[in-house]
Visitor: 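Quick one: structure below, then a few questions.
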Number of protein chains: 2
Amino acid sequence: MPAKTDHDARRRDVSAAVWRVVAEGGFGALTLRSVAAELGASTGLVTHYFGSKQQLIRHALELAEDRTRASIPEVTDLRTALAAVLPTTPEVTEISRVWVSSWDVALAEPELHALERARYRRWRTRLRPLVIKAQSVGDLPPGDPGDLATGLAAFAHGLVVQALFDPTTYTPKRQLRILDTHLAALRPSD
Amino acid sequence: MPAKTDHDARRRDVSAAVWRVVAEGGFGALTLRSVAAELGASTGLVTHYFGSKQQLIRHALELAEDRTRASIPEVTDLRTALAAVLPTTPEVTEISRVWVSSWDVALAEPELHALERARYRRWRTRLRPLVIKAQSVGDLPPGDPGDLATGLAAFAHGLVVQALFDPTTYTPKRQLRILDTHLAALRPSD
DNA sequence: ACAGTTGCGTAACGGTTGTTATGTAATTGG
DNA sequence: CCAATTACATAACAACCGTTACGCAACTGT
């Protein structure tokens, strides 16, 4: 019944083209035709694997999530968890670019808005035990771990945005230094 | 020679329509026709006052800057300066929405990218003396004031984003509490 | 070998986009 | 009063958008 080609492999090709388009031009540049052109194929191929533009956008966000997860493998340490989201490598820079870019469309469309909110909640939930651990060894002051996780996530993402707009100023080394001195400043003395 | 209508007043009308469009739908929704429709006028009127779409985008960013400046009047205190950018009022929420939304197009277009970088640099420069003052009275630990300003700006903007996506969780009160406990945690216990 | 299914290029469709030209009414200075 | 200028609606324009339909080639199970 099924035809020759490896469906999943082809889908991954389209998927990769979607990523390249969004990584370079943001979500404003994501169109069926730009993906097709990036792939050197026709729009028919794109619609064959992704029925509509909504699904393309959805898929781009899933890709961002997958790549984020892949770039942050099983972290048990707060500093590492925060350092992992900073654009200190081309890979993470690309991912960050896509996330920040997605906020325009995510703020406009209620469904994507809810998705992004859920994503943030998951991130803070993942950060929470690391915060508690850091508190227990005296690396962080006492206080609501949720608020602390929010603050640290905020610090990290805010730094991401500044680094994206000013990569010359915020070299990888400088980003990590700022993170480290920030964490050091948060450590209660004794 | 000139005709009847008050040119500047009319221009402000168009300007207000531009703001309403961007505040509600983000930069993805900013088109000549959406502005005209918002104004109940024709596209001819819009192009009469703003020649091209580039200028419309540019103007929307200027508006955001103006409103930001207007909502942060002559701040001499670090906490107030940071609290002023948090979306704790409808007005600041609207402005924040526009800024975050603008990052998609700002990351894509080199000219807007440079503008946003400059804007961030100005903000940090304005924050710097407040940081130094806070350090001198023992509210902030010693260290590079530039790095501290970056970190505090990052914290604030990161909190802005989370609050925009989760206003139920981050009520104005909670935002300010998170800010205050964060600043308190940064105070060296000498 | 043939019927059925899949892969995907081609292309048409109606709608929207930014830009530009045209027309017309109203105002003003001489 | 008239020539010049401005304000703006109307609308044409080519380009582009997402979606859909069509058609053909290639493969598969029977």
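Order of the sequence lines sets the chain letters (A, B, ...), proteins ahead of strands, with each chain counted from 1.
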Visitor: Show which side-chain atoms of residues 15-25 of chain B pair as donor or acceptor with protein atoms under 3.5 Å away, not counting sequence neighbours.
Guide:
residue: B:Ser15; atom: OG; partner: B:His59; partner atom: NE2; Å: 2.6
residue: B:Trp19; atom: NE1; partner: B:Glu94; partner atom: OE1; Å: 3.1
residue: B:Arg20; atom: NH1; partner: B:Glu38; partner atom: OE2; Å: 2.6

Visitor: With clusters built from Ile, Leu, Val, Met, Phe, Trp and Tyr whose side-chain heavy atoms come within less than 4.5 Å, directly or transitively, what are the remaining members of the cluster of A:Val137, listed by chain and number?
Guide: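 Its cluster partners, ordered by chain and number, are none at all.
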
Visitor: Starting at CD of B:Gln54 and ending at P of C:dT17, how long is that distance when rounded to a whole Å?
Guide: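 Atom CD in B:Gln54 sits about 17 Å away from atom P in C:dT17.
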
Visitor: Roughly, in whole Å, what's the span from CG in A:Leu30 to C1' in D:dG18?
Guide: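 So the CG-C1' distance, A:Leu30 to D:dG18, works out to 12 Å.
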
Visitor: Which residues, if any, of residues 39-53 of chain B bring a heavy atom under 4.0 Å of DNA chain C?
Guide: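 Those residues whose heavy atoms fall under 4.0 Å from DNA chain C, taken from residues 39-53 of chain B in numerical order, are B:Thr47, B:Ser52, B:Lys53.
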
Visitor: Scan residues 8-25 of chain A against DNA chain D and write down, sorted by residue number, each residue with any heavy atom closer than 4.0 Å; if none is found, say none.
Guide: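 Contacting residues: none.
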
Visitor: Please check if the side chain of A:Ser102 supplies one atom and the backbone of A:Trp99 the other of a donor-acceptor pair under 3.5 Å.
Guide: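 Indeed, once roles are kept as given, a pair shorter than 3.5 Å links the two residues.
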
Visitor: Under 4.0 Å between a side-chain N or O of B:His7 and OP1 or OP2 of D:dT6?
Guide: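 No, B:His7 has no side-chain N/O under 4.0 Å of OP1/OP2 on D:dT6.
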
Visitor: A:Leu32 CG to C:dC13 C1': how many Å, rounded?
Guide: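 It is 15 Å, rounded to the nearest whole Å.
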
Visitor: For A:Arg97, enumerate each residue passing the salt bridge (charged side-chain N to carboxylate O under 4.0 Å, His left out) test, keeping only those at least two apart in sequence or located in another chain.
Guide: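 Salt bridge (charged side-chain N to carboxylate O under 4.0 Å, His left out) check on A:Arg97 returns nothing, list empty.
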
Visitor: Suppose we screen for salt bridge (charged side-chain N to carboxylate O under 4.0 Å, His left out). Which residues come up paired with B:Asp77, at least two apart in sequence or across chains?
Guide: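 Once residues adjacent in sequence are excluded, B:Asp77 has no partner under the salt bridge (charged side-chain N to carboxylate O under 4.0 Å, His left out) criterion.
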
Visitor: Quick one: B:Arg33 CZ to D:dC8 P, roughly how many Å, whole number?
Guide: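 Distance check: B:Arg33 CZ to D:dC8 P gives 19 Å.
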
Visitor: Give every residue pair that meets the salt bridge (Lys or Arg N to Asp or Glu O under 4.0 Å) criterion with at least one member in residues 100-115 of chain B, sequence neighbours excluded.
Guide: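 Counting only pairs at least two positions apart or across chains, the salt bridge (Lys or Arg N to Asp or Glu O under 4.0 Å) contacts touching residues 100-115 of chain B are B:Arg58-B:Glu111.
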
Visitor: Taking only residues two or more places apart in sequence or in another chain, which ones pass salt bridge (charged side-chain N to carboxylate O under 4.0 Å, His left out) with A:Arg174?
Guide: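 So A:Arg174 forms a salt bridge (charged side-chain N to carboxylate O under 4.0 Å, His left out) with B:Asp147.
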
Visitor: Without decimals, in angstroms, what is the distance between A:Ile57 CD1 and D:dC17 P?
Guide: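 Atom CD1 in A:Ile57 sits about 13 Å away from atom P in D:dC17.
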
Visitor: Considering only residues two or more places apart or on different chains, which pairs with a residue in residues 64-76 of chain B satisfy salt bridge (Lys or Arg N to Asp or Glu O under 4.0 Å)?
Guide: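 Pairs touching residues 64-76 of chain B that pass the test: B:Glu65-B:Arg122, B:Asp66-B:Arg69.
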
